[in-house]
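Protein chains get the first letters and strands the later ones, always in sequence-line order, with residue 1 at the start of each.
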Amino acid sequence: MPELPEVEVVRRGLEPAITGRPIASVRVLHPRPVRRHEAGPDAFAATLNGRTFGVPRRRGKYLWLPLTDGDAVLAHLGMSGQFRVDAPGAPLLRHTRVVFDLGGDPAGPTTELRFVDQRMFGGLSLSPGGADLPAEVAHIARDPFDAAFDPEVVAARISRKRSAIKRVLLDQTVVSGIGNIYADEALWRARVAGTTPADALPTASVFAVLDAARAVMADALGQGGTSFDALYVNVNGESGYFDRTLEAYGQEGRPCSRCGTPIVREAFMNRSSFRCPACQPATA
DNA sequence: AGGGCAACCTGGGGGC
DNA sequence: TGCCCCCAGGTTGCCC
């Protein structure tokens, strides 16, 4: 479940389900999602045995499950990754890749934490000493939900870039958590065309885009995220409803809710972009 | 530093 | 029913 709101939905679901729970055993059903663990799938499973999960954390689209000994299980959902919390023995979904058998809940039965991933662009790895901030995440900028996120600093950095503003929004080393959907939604809200060079935008517009990105992701989180299909669900398999609120992304041909002009779809960075040609005019 | 693009995967949908 | 091509909320790495 790619972008920040969807990843945060997962983190919030994991928190009550795994915090404080010991790992009784790990089963790796497909080696690809643990490819970053150099010692191999069996070693990945073995090294986690007997350790205990702390409170799940997130930066941008990266998620990590701290272990109480200071290490962490780092996770990225890629394009199709999910975490599911299930009762032991519940039927496995088709693309289940890794299963954690959890124990230790004095108030209830054991639980299985399952990593499911159709396309396997994401994965899990052990991050030594990564409980606070995995080294693999150090190059990722703070996201707009981070208490230490500083809009002034980020806006100044954006204003120095000559790249198209959408490209900058998608650059996870500038500001993290924004993907193709929320970039388009933020640009629509701020009335800015994604192809506009960042350094050509008035300062007020840069702040408007940043604030719109934070706001639209907060709105989406409030709706449980964006779910077009069963690939993007919470740890219980439930869909979010923000797709009903999208104003630009995927709305090709539909009238802009502000001005009635049909939303257009354009190719950008080898993917699709959507904008209102009237509210978000492209610069010449 | 910036930008283009293929690669990593699986599966759904549309056209013929 | 089958096939082929295009599409998909991401990231990395290589090339110019």
Side-chain angles (χ1 to χ4, degrees), chain A residues 1-11 29-36 58-63 74-83 93-97 115-125 134 136-141 143 157-188 194-200 213 216-217 219-221 223-234 239-252 265-274:
Chain A
M1 304 179 82
E3 306 181 51
L4 187 154
E6 293 76 38
V7 179
E8 177 61 16
V9 164
V10 171
R11 194 206 65 75
L29 277 43
H30 194 300
R32 177 135 192 97
V34 297
R35 63 193 176 281
R36 293 196 63 169
R58 181 192 55 73
R59 174 178 284 192
K61 303 169 194 171
Y62 280 85
L63 185 62
L74 177 65
H76 197 289
L77 302 179
M79 286 287 272
S80 55
Q82 306 176 14
F83 272 112
L93 290 174
R94 182 174 176 189
H95 301 293
T96 302
R97 310 304 190 188
F115 182 70
V116 181
D117 193 358
Q118 176 195 106
R119 296 174 70 183
M120 299 183 288
F121 285 0
L124 310 177
S125 60
E136 300 88 337
V137 182
H139 69 293
I140 299 296
D143 62 64
R157 194 166 162 213
I158 290 174
S159 294
R160 275 185 258 116
K161 298 260 183 193
R162 275 178 284 182
S163 301
I165 182 64
K166 181 169 177 181
R167 178 183 287 275
V168 179
L169 289 178
L170 294 175
D171 182 344
Q172 304 297 303
T173 68
V174 174
V175 51
S176 70
I178 303 169
N180 206 33
I181 290 182
Y182 298 111
D184 279 4
E185 293 302 303
L187 291 164
W188 181 88
T195 49
T196 311
D199 65 358
V216 72
M217 291 196 291
D219 290 348
L221 181 56
Q223 301 286 313
T226 300
S227 305
F228 296 134
D229 53 47
L231 236 41
Y232 306 99
V233 294
N234 68 15
S239 294
Y241 298 101
F242 194 70
D243 59 307
R244 301 172 188 175
T245 310
L246 295 175
E247 299 280 6
Y249 186 86
Q251 307 303 304
E252 180 181 21
R265 170 186 183 154
E266 296 160 327
F268 181 75
M269 290 174 71
N270 292 319
R271 37 210 325 205
S272 292
S273 286
F274 300 85

Under 4.0 Å between a side-chain N or O of [X] and OP1 or OP2 of [N]?
X	N	answer
A/S272	C/dA8	yes
A/H95	B/dC9	no
A/K161	B/dA1	no
A/R94	B/dT10	no
A/R32	B/dC9	yes
A/R119	B/dG11	no

Hey, does A/Y182 reach any base, or is it just sugar-phosphate, or nothing, if we go heavy atoms under 4.0 Å?
->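 Contact class for A/Y182: none.
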Select base, sugar-phosphate, or nothing to describe what A/R265 touches, counting heavy atoms under 4.0 Å on all strands.
->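 Sugar-phosphate only.
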Donor-acceptor pair, [X] side chain versus [Y] backbone, under 3.5 Å?
X	Y	value
A/R97	A/Q118	yes
A/Q251	A/Y249	yes
A/S176	A/A141	yes
A/E185	A/A248	yes
A/R59	A/I140	yes
A/S80	A/D117	no

Just how far, in rounded Å, is C1' of C/dT11 from CG of A/D171?
-> 12 Å
Since syn is defined as within 90° of 0, does C/dG9 count as syn or as anti?
-> syn
Proximity to the side chain of A/Q118 - top-ranked nucleotide from C/dG9, B/dG3, B/dT10 | B/dT10
Side chain of A/K61 - closest among C/dG9, B/dG3, C/dT11 =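 The answer is C/dT11, which lies nearest to the side chain.
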Taking the nucleotide of DNA chain B with the closest heavy atom to each, which residue, A/R160 or A/N270, is nearer the 5' end?
-> A/R160
At a cut-off of 3.5 Å, list every protein nitrogen or oxygen paired with a nitrogen or oxygen from nucleotides 12-16 of chain C, distance to 0.1 Å.
unit_1, atom_1, unit_2, atom_2, d
C/dT12, OP1, A/Y62, OH, 3.3

Using the P atom in both, what is the distance from B/dC9 to C/dC3, to the nearest Å?
->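 The answer is 23 Å between these two P atoms.
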Can A/F121 be called stacked on B/dC9 when the rule is centres closer than 5.5 Å and an angle between planes below 30°?
->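 Base of B/dC9: not stacked against A/F121.
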A/F228, CZ: over 12 other non-hydrogen atoms inside 6.0 angstrom | yes
Decide yes or no, distance alone: a donor-acceptor N/O pair under 3.5 angstrom between the base of B/dA1 and the side-chain of A/R162.
-> no
Donor on one side chain, acceptor on other, A/T226 and A/Y182, under 3.5 Å = yes
Counting Watson-Crick and G-U wobble pairs whose two distances are both under 3.5 Å, find the runs of 3 or more in a row that involve DNA chain B.
->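 Ordered by first number, the stems with DNA chain B (at least 3 consecutive pairs each) read B:2-8 with C:10-16, B:10-16 with C:2-8.
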Looking at CG of A/L4 and CD1 of A/I181, how far apart are the two atoms once the value is rounded to the nearest 0.5 Å?
->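 One finds 12.5 Å between CG of A/L4 and CD1 of A/I181.
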Ion pair check, A/D143 and A/R58, cut-off under 4.0 Å = yes
